[in-house]
Amino acid sequence: MTPLYLIEPERLGEIVPDHPRYRADQLRDWLYRRPVLDPAEMTDLPKDLRRRLVLYPFRVERQQVGDGGATVKWLFRTDDAKDIEAVLMGYPGRATLCLSSQAGCALGCTFCATGQFGFERQLDAGEMVAQVAYAQAYLRSVGVHGASDHLTNIVFMGMGEPLANYRNLREALRRIIEVMGFSARAITVSTVGIVPGIRRLAGEPWPIRLAVSLHAADDELRSRLVPINRRYPLEELVAAADEYARAKRRRLSIEWTLIDGVNDTDDQADRLARIALRLRAHVNLIPLNPTPLSQDRPSPPDRVEEFARRVRSRGVEVTVRDIRGADIDAACGQLRVRSKLPAGRPDH
Ligand code: SAH
Ligand code: SF4
């Protein structure tokens with residue numbers, strides 16, 4: 001049977017043709033309003049139907065819990081053996097899901113584990129929505145230490161470049177916002193800077209938050225770290241991001257991964273501050289998570305502090321992000337890397 005999350009919500013009736021009409025509505029309600037981990041929990045459906053149903057288009061290949069129970073990371077494996085990674089982060093009264101939009105990524109940013117392993121395939125809209133549903137069901141039935149019992153935020157910051165999978169991203173957003181009823185304002189799409197995608201997203205009806213992964217504030221350095229910068233250089237990217245912020249009246253965020261001796265200089269801090277002021281953006285600094293295929297190291301803590309201080313001194317709001325799930329390699333494609341490395345390194 002086709003997993004139900006791969007079926008357009010409006011077409012669920014087609015998979016239960018011998019059932020009364022309201023059956024499709026019941027199914028849609030379970031899938032999008034009250035997600036469950038196991039179809040056996042769909043108690044108002046006939047037993048024989050429940051037994052036949054397959055909900056998720058993947059199985060849980062690995063689940064790891066870190067940060068004293070506040071972070072859960074899943075490695076989902078699809079039927080065609082593609083890995084999809086998602087991380088659920090609990091905070092007092094809140095819960096944020098970081099989900100994947102592609103299996104792999106073609107953009108090859110030098111410091112990114114996903115980029116180092118190349119592109120496998122696009123994720124279907126249903127595969128993105130299923131990550132949200134799974135996290136929602138998990139929060140309700142198992143829960144995350146100290147967090148809310150439902151998702152409060154969704155960020156497209158897992159594997160892949162969401163704006164390089166635009167059609168499926170758009171359909172996933174439609175299902176999450178219009179069918180699940182999730183607030184568009186609580187969704188962040190993170191992009192490395194696909195300018196036409198930013199423009200298309202600006203034309204959609206939803207006030208989604210945009211995060212721009214900048215990492216370097218001049219074209220020479222940025223093209224080295226983020227090869228797509230050669231196609232969409234800084235000036236074009238900043239102009240498109242500015243248009244987005246104005247169209248949506250939403251504050252942008254700029255993501256900046258701090259790499260020791262590479263993009264953590266005073267000069268980069270000053271240039272970053274200029275761009276952030278022009279965009280009225282909030283800056284998130286993230287010390288690099290080392291990856292196995294690169295020699296790059298995170299900036300030391302005192303450099304991180306000095307960089308943050310310097311950008312702040314120009315009037316920019318700066319947050320140094322804590323590395324959630326560091327004890328379970330939760331950041332940025334690292335679980336997948338581990339599963340691809342030769343066996344022998346024990347799990348935590
Ligand atoms: N492709 C999109 C979204 C996925 S990456 C993008 O690039 O924005 C999500 C975030 O993780 C990005 O800001 C990216 O720069 C950051 N990131 C990637 N590899 C990292 C690493 N090794 N350490 C810290 N942050 C990393
Ligand atoms: Fe792809 Fe984002 Fe990683 Fe760059 S940082 S390779 S765009 S996932």
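Here, residue 1 is the first one in the sequence, and each next residue gets the next number. Start at 1 and go down the list; that is how both ligands and their atoms are numbered.
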query: Distance only, no hydrogens: is a donor on one side chain within 3.5 Å (strictly under) of an acceptor on the other, for Ser294 and Gln116?
result: no
message: Counting only nitrogen or oxygen atoms and a 3.5 angstrom limit, does Thr291 reach ligand 1?
response: no
field: Closest protein heavy atom to atom 4 (Fe) of ligand 2, given as residue, atom name and distance to 0.1 Å
entry: Cys109 SG, 2.3 Å
field: Atoms of ligand 1, numbered as shown, that sit under 4.0 Å from any heavy atom of Thr191
entry: 6 (C), 8 (O)
- request: Find all atoms of ligand 1 within a distance of less than 4.0 Å from any non-hydrogen atom belonging to Cys112, and give their numbers and elements.
  value: 18 (C), 19 (N)
- prompt: So, do Tyr32 and Tyr5 have ring centers that fall under 6.0 Å from each other?
  reply: yes
- line: Value for OG1 (Thr257) from CG (Asp264), rounded to nearest 0.5 Å, stands at 12.0 Å
- request: Say whether, by atom type as modelled, one donor and one acceptor occur between the side chain of Asn165 and the main chain of Leu123 under 3.5 angstrom.
  value: yes
task: Provide the number and element of each atom of ligand 1 under 4.0 Å from a heavy atom of Asn289.
output: 21 (C), 22 (N), 23 (N), 24 (C)
message: Check for me, please, whether Leu6 and Val54 land in the same ILVMFWY cluster - side-chain distances under 4.5 Å, paths through other members count.
response: no
task: For atom CZ of Arg231, decide whether the heavy atoms of other residues, nucleotides or ligands shown that lie under 6.0 angstrom number more than 12.
output: no
task: Could you tell me whether atom 4 (Fe) of ligand 2 has an N, O or S atom of Cys112 under 2.8 Å away?
output: no
message: Yes or no: does Met159 have any heavy atom under 4.0 Å from an atom of ligand 1?
response: no
statement: If you compare Ser253, Cys109, Gly160 by their heavy atoms, the one closest to atom 3 (C) of ligand 1 turns out to be Gly160
query: Counting each atom of ligand 1 from 1 as listed, which ones have a heavy atom of Leu288 under 4.0 Å away?
result: 21 (C), 22 (N), 23 (N)
- prompt: Can you name the residues that form a ring-ring contact (aromatic ring centres under 6.0 Å, His included) with Tyr134, not counting sequence neighbours?
  reply: Tyr56, Trp74, Phe76
- request: State, yes or no, whether a side-chain contact exists between Thr191 and Ile198 at a heavy-atom distance under 4.5 Å.
  value: yes
message: Considering both backbone and side-chain atoms of Glu255, is one of its nitrogen or oxygen atoms within less than 3.5 Å of a nitrogen or oxygen in ligand 1?
response: no
field: ligand 2 atoms in contact with Gly115 (distance to a heavy atom under 4.0 Å)
entry: 6 (S)
task: Would you check whether Gly158 reaches within less than 4.0 Å of ligand 1, judged by its heavy atoms?
output: yes
message: Please check whether Pro162 reaches ligand 1 - meaning an N/O of the residue sits under 3.5 Å from an N/O of the ligand, judged on distance alone.
response: no
field: The one among Ser213, Ser190, Gly160 that brings a heavy atom closest to atom 2 (Fe) of ligand 2
entry: Gly160
message: Taking 2.8 Å as the cut-off, does Cys105 contribute an N, O or S atom near atom 1 (Fe) of ligand 2, distance below it?
response: yes
message: Once side chain to side chain donor-acceptor pair (under 3.5 Å) is applied, what residue pairs with a partner in residues 267-280 remain, sequence neighbours excluded?
response: Asp218-Gln268, Glu235-Arg278, Asp267-Arg271, Asp270-Arg310, Asp270-Arg314
query: Under 6.0 Å from the CZ atom of Arg11, do we count more than 12 heavy atoms belonging to anything else shown?
result: no
